**Q** 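Mind looking over this structure? Questions follow.
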Amino acid sequence: MALISLNIAFNEFTGSLDGMVYYSRKGRQCVRRHVVPANPRTAAQQAGRSAFTERVHAWKSLPPEERAAWNTKAKRRRMTGYNLFMREGLKKASGSADYGA
């Protein structure tokens with residue numbers, strides 16, 4: 001990671017340009033080389049992606065009163081209702097008792 005100094009005309013620059021990614025972190029401008037992440041397409045990875053997609057669609061189809069109930073339940077854990085809904089559903093889908101813990 002490299003730190004960069006901007007001239008007075010720019011306060012902040014974010015995005016990518018010429019194979020480099022520009023971003024701000026903790027109030028400082030940074031730049032790094034753009035790296036294409038690995039995409040392992042294993043059966044387990046694809047199953048996880050499908051479970052996540054299904055859970056997102058399930059949240060979007062909930063009526064407002066059920067979303068409000070999830071939000072209320074999540075407040076005790078300092079989370080959003082969406083995050084708790086996703087966590088609980090993905091825990092069940094993975095069959096793991098300690099998912100997200």
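A quick note: this is a predicted structure, and the numbers were derived from the prediction, not measured.
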**Q** Rounded to the nearest 0.5 Å, what's the gap from OG on Ser24 to CD on Gln29? Could you check?
**A**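 Ser24 atom OG to Gln29 atom CD measures 5.0 Å (nearest 0.5 Å).
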**Q** Any salt bridge (Lys or Arg N to Asp or Glu O under 4.0 Å) involving residues 74-86? Give me the pairs, sequence neighbours left out, ordered by first then second residue.
**A** Arg77-Glu88
**Q** Can you list every side-chain hydrogen bond (donor to acceptor under 3.5 Å, both in side chains) pair that touches residues 35-50, not counting sequence neighbours?
**A**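 Residue pairs passing side-chain hydrogen bond (donor to acceptor under 3.5 Å, both in side chains), neighbours aside: Asn39-Arg49, Gln46-Arg49.
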**Q** In the single-linkage hydrophobic clustering (I, L, V, M, F, W, Y; side-chain heavy atoms under 4.5 Å), do Val35 and Met20 co-cluster?
**A** no
**Q** If I compare all heavy atoms of Asn71 with all of Thr80, which pair ends up nearest, and what's the gap?
**A**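 Heavy-atom minimum between the residues: OD1-C, 4.0 Å.
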**Q** Where do Val21 and Arg33 land on the side chain to side chain contact (heavy atoms under 4.5 Å, CB included) test, with the steps shown first?
**A** CA-CA 6 Å; Val21 178; Arg33 212 180 299 256; over 6 Å; no
**Q** What pair of heavy atoms forms the shortest contact from Ser61 to Ala58, and how long is it?
**A**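 Nearest pair, atom of Ser61 first, then Ala58: OG-O, 2.9 Å.
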**Q** Enumerate the residue pairs fulfilling salt bridge (Lys or Arg N to Asp or Glu O under 4.0 Å) with a member in residues 53-69, sequence neighbours excluded, ordered by first and then second residue.
**A**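 Pairs touching residues 53-69 that pass the test: none.
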**Q** Tell me, do Tyr22 and Thr14 make a side-chain contact under 4.5 Å, heavy atoms counted?
**A** no
**Q** Relative to each other, are the rings of Phe85 and Trp70 parallel, tilted or perpendicular (30° and 60° limits)?
**A**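 Ring orientation of Phe85 relative to Trp70: perpendicular.
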**Q** Could you pull out the closest heavy-atom pair between Phe52 and Leu90, with the gap in Å?
**A** CD1-CD1, 3.6 Å
**Q** Return the NE2 to CG distance between His34 and Leu17, rounded to the nearest 0.5 Å.
**A**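 It comes to 12.5 Å.
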